[in-house]
Amino acid sequence: MHKILVKEELVPNMHLVKFSAPAIANKAKPGQFIIITIDEKGERIPLTIADWDQTEGSITIVFMEVGTTTQRFALFNAGDSIDSLVGPLGIPAHIEKVGTVVCVGGCYGIAAMMPIARAMKEAGNKVISVIEARSKYLLFWEDELKRVSDQLIVTTGDGSYAPQGWIPDQLKQIFEGGEKADLIFAIGCTYMMKLASETSKPFGIKTIVHLNSIMVDGTGMCGCCRVSVGGETKFACVDGPEFDGHQVDWDVLLSRQRSYHDEEILSLQEWESRNWRGTR
Amino acid sequence: MEEKEKKEKKEKIPRQPMPEQKPKVRARNFDEVPFGYSPETAMLEASRCIQCKNPSCITGCPVDIDIPAFIAKIKEGDFAGAIAKIKEKNALPAVCGRVCPQEVQCENVCILGKKGEPVAIGRLERFAADWERAQGEVSIPEKEPSTGKKVAVVGSGPSGLTVAGDLILKGHDVTVFEAFLIPGGVLVYGIPEFRLPKSIVAAEVDYMRKLGVKFQGDTVVGATITVDELFEEGYDAIYIGVGAGLPVFLGIQGENLIGIYSANEYLTRSNLMKAYLFPEYDTPIIRGNDVVVFGAGNVSMDSARTALRLGADRVRIVYRRSREEMPARTEEIHHAEQEGVEFVLLAAPLNFIGDDDGRLKGLRCQRMELGEPDASGRRRPVPIEGSEFETECDTAVVSIGAGANPLLTKATPDIRLNKWGNLIAEPETGKTTKKGVWAGGDIVTGQATVILAMGAGRMAANSIHDYLTLGW
Ligand SMILES: Cc1cc2nc3c(=O)[nH]c(=O)nc-3n(C[C@H](O)[C@H](O)[C@H](O)COP(=O)(O)OP(=O)(O)OC[C@H]3O[C@@H](n4cnc5c(N)ncnc54)[C@H](O)[C@@H]3O)c2cc1C
Ligand SMILES: Cc1cc2nc3c(=O)[nH]c(=O)nc-3n(C[C@H](O)[C@H](O)[C@H](O)COP(=O)(O)OP(=O)(O)OC[C@H]3O[C@@H](n4cnc5c(N)ncnc54)[C@H](O)[C@@H]3O)c2cc1C
Ligand code: SF4
Ligand code: SF4
Ligand code: FES
């Protein structure tokens, strides 16, 4: 059992959870993830480690409600425990001094990007962070990111918090404005990472993305997370989750993420009927 | 009576069949297929054994169970005595009685098999173990006084469990580290409920807990903690039994389409995550109507039979050699066939075909013929020119073997591996090339059998005990 120390709804449908997990706090590196199972019936879901504290023996994740498991997880509170939590998994982000780094985050990726931006800054890079949200009320961790960035650019889909636009628009402006970016990191929803990669490609700027394929074990045992990168099949959990965004076959990834489209709807219906009766 | 006469008399009693669920019924449920022997049937079957003076059966058992001795006890109705005899050598009899390939081991060399049918050693072993579990209280043996030494066992499959069970009795402090939450290895995530009920594995693990073995789940050694860090934490010896946890794919076009699984994923979803109970459980699995399974080992049979139980109308096993070369246990092939699994022999896949949505809809294959024997002694399949054919399918399970998972070994660079990535361990002791570290089971041999993994565990446990009491 793994205890929840803090649980907070940052913005609608986006939750922060701090777990007691001393062994993982000691080991965690930027870009790594954990896999949790909330209870006996839960699915194994991967979540990026957004922060950790060795003295407290805690790790923090930020998750978005999408399907049954994340919606059920949203009903947990501080003091509750989940069944299973394993990590840290995946190859850590490669941190080194390269010059100017653009850190791109959307939805949960705003939090997931934090440790990378922080480490890149500590390594002596100029860090420009770019985050997006559909609307102002969905924006979080702005101050946190500002603290670890030389420059923070925010963009909102509806223009409720200037300027109006999405991450690719901002990236284009940065590159066309003459900023010589040496590296881009992008974490968030798959479309955003795909578009960010497509935007940076003509400028020839290396773009590292964090692939979020469906996973089961997270240790290279099942092959569920396989993605196609540079024409080769890779396992996102052990060969990644970081890959070169210009080499990723996005169509395969987007298609495989739809594997359980019908089942997810069925699962939500089943859960909703249970939820009305007051159980998670 | 002369031995010869005795033998002839025994041969008159036929080998007792084990009652089981009817094929049509069981192909749609996940309950165990055979029901097991009743005490009367067990005693009758036991009476077929002629108690050979030089019993050949024992030589066929990788852990040297005193087979005639335990069978004699069953014949007398002393079931407690029988299970005690078995447990002298085998800590997981309820498991082995069910999944050992007896036809190539103990029963293969039983003297009665020369002329007629061998004694059903596996079924009797299963009977004794099930009888004991049904009694409730399992007796806890005396442990040796504490040695103050700490042993870490990595992996909770049959080999790790054997090491843990042996060393705890010798007075050492044993902790088992497991990547998953639930211990048991392939016994829980691979072999399906209808062949090995999870409650049996849970009972065995429970027994180990009572002996004092500690289980720490959710711990991936190599990620959560490394082998060297285990030594720093004060462990005196480490056993690595992490199994063959790397899926092998076909490497053909279209393999990333939706609906194509490795057997590891398919079975883990169904068994460990209980996807067969979806949507009551959250983990989904594609319930295909027309399922194709590649390979013909135990894993393939388990996948095919799982697909049937998930509701498939048609399940086909595509295998590139012929029936004789199929590596699965005879009983599994037989059961699969009875349940309606079809066999497409001497055929190999060329590529998968998908629809516009990226979902599997078909398969292109090629017919094969058998040529000269290869290194494994089996005749090599050779493609027949111009014999390509297409067939529809909506789900495919690739089950053509498993390799060595590099996660732990990459994080432990000073352990030597062979060219396939398996750990190198001394055949007589299980010692690896790193001081204080032993290894055994599938991570050393490649995917083999439960009983061989246990045998390797037993050997390593003895060597670890010697090391802890005498030195490396
Ligand atoms: C390495 C990695 C890190 C991630 N980090 C975060 C994070 O920090 N915060 C966050 O909110 N989300 C993160 N995700 C995505 C998150 O795992 C999914 O949103 C979650 O599993 C959805 O579960 P569900 O049951 O609620 O939804 P479902 O109804 O099961 O699925 C909704 C969608 O989520 C995806 N999904 C479903 N199951 C999985 C699975 N087991 N693994 C991956 N994706 C799945 C599918 O594409 C599906 O279309 C990460 C994914 C990966 C692979
Ligand atoms: C579907 C299937 C059916 C089979 N049927 C039969 C049969 O009928 N008869 C038979 O005799 N054999 C059968 N086998 C083979 C048999 O199950 C294996 O040979 C046996 O389980 C090997 O035991 P093991 O202890 O070496 O490893 P495993 O049983 O594979 O256990 C290894 C354990 O280590 C854990 N692990 C892996 N990496 C790490 C890590 N880094 N840190 C911590 N833990 C880790 C794994 O999660 C797993 O629990 C079958 C195998 C499969 C997959
Ligand atoms: S352990 Fe396996 S090989 Fe040995 S007697 Fe039992 S069934 Fe036969
Ligand atoms: S070889 Fe067969 S008949 Fe002889 S002792 Fe063993 S089981 Fe009995
Ligand atoms: S999640 Fe199973 S191999 Fe990556």
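Below, chains carry the letters A, B, ... as their sequence lines are ordered, and counting in each starts from 1. Being a predicted model, the structure only gives us computed values, none of them experimental.
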So, the part of Y189(B) with a heavy atom under 4.5 Å from chain A: the answer is side chain

Interface check, chain A: of G217(B), G243(B), P284(B), most non-hydrogen pairs under 4.5 Å belong to P284(B)

Among the options G87(A), G218(A), A23(A), pick out the one with the most heavy-atom pairs lying under 4.5 Å from chain B. G87(A)

In terms of ring plane angle, is the pair F235(A) and F249(B) parallel, tilted or perpendicular, where the classes change at 30° and 60°? perpendicular

Under 4.5 Å, counting heavy-atom pairs only, tell me which of P247(B), G222(B), A263(B) racks up the most with chain A. P247(B)

Residue pair E43(A) / Y281(B), side-chain donor-acceptor N/O under 3.5 Å: no

For L246(B), is it the side chain, the backbone, both or neither that has a heavy atom under 4.5 Å from a heavy atom of chain A? both

Does L181(B) reach the side chain of T37(A), with side-chain heavy atoms less than 4.5 Å apart? no

Between A28(A), G223(A), S228(A), which has the largest tally of heavy atom pairs under 4.5 Å with chain B? G223(A)

Please identify, among I258(B), D218(B), N264(B), the residue contributing the most non-hydrogen atom pairs under 4.5 Å to chain A. D218(B)

Given heavy-atom pairs under 4.5 angstrom as the criterion, report whether the side chain, backbone, both or neither of N405(B) touches chain A. side chain

Closest-packed option against chain A by number of heavy-atom pairs under 4.5 Å, given T224(B), T268(B), D357(B): T224(B)

With side chain to side chain donor-acceptor pair (under 3.5 Å) as the criterion, how do D282(B) and T68(A) come out once you've worked through the C-alpha distance, each side chain's angles and the decisive distance to 0.1 Å? CA-CA 7 Å; D282(B) 291 346; T68(A) 307; 5.3 Å; no

Heavy-atom cut-off 4.5 Å, strictly under: side chain, backbone, both or neither for D83(A) against chain B? both

Checking heavy atoms, do the side chain of L253(A), its backbone, both or neither come under 4.5 Å from chain B? neither

Side chain from CB out, backbone as N, CA, C, O: work out which of these in I285(B) comes under 4.5 Å of a heavy atom of chain A, or both, or neither. backbone

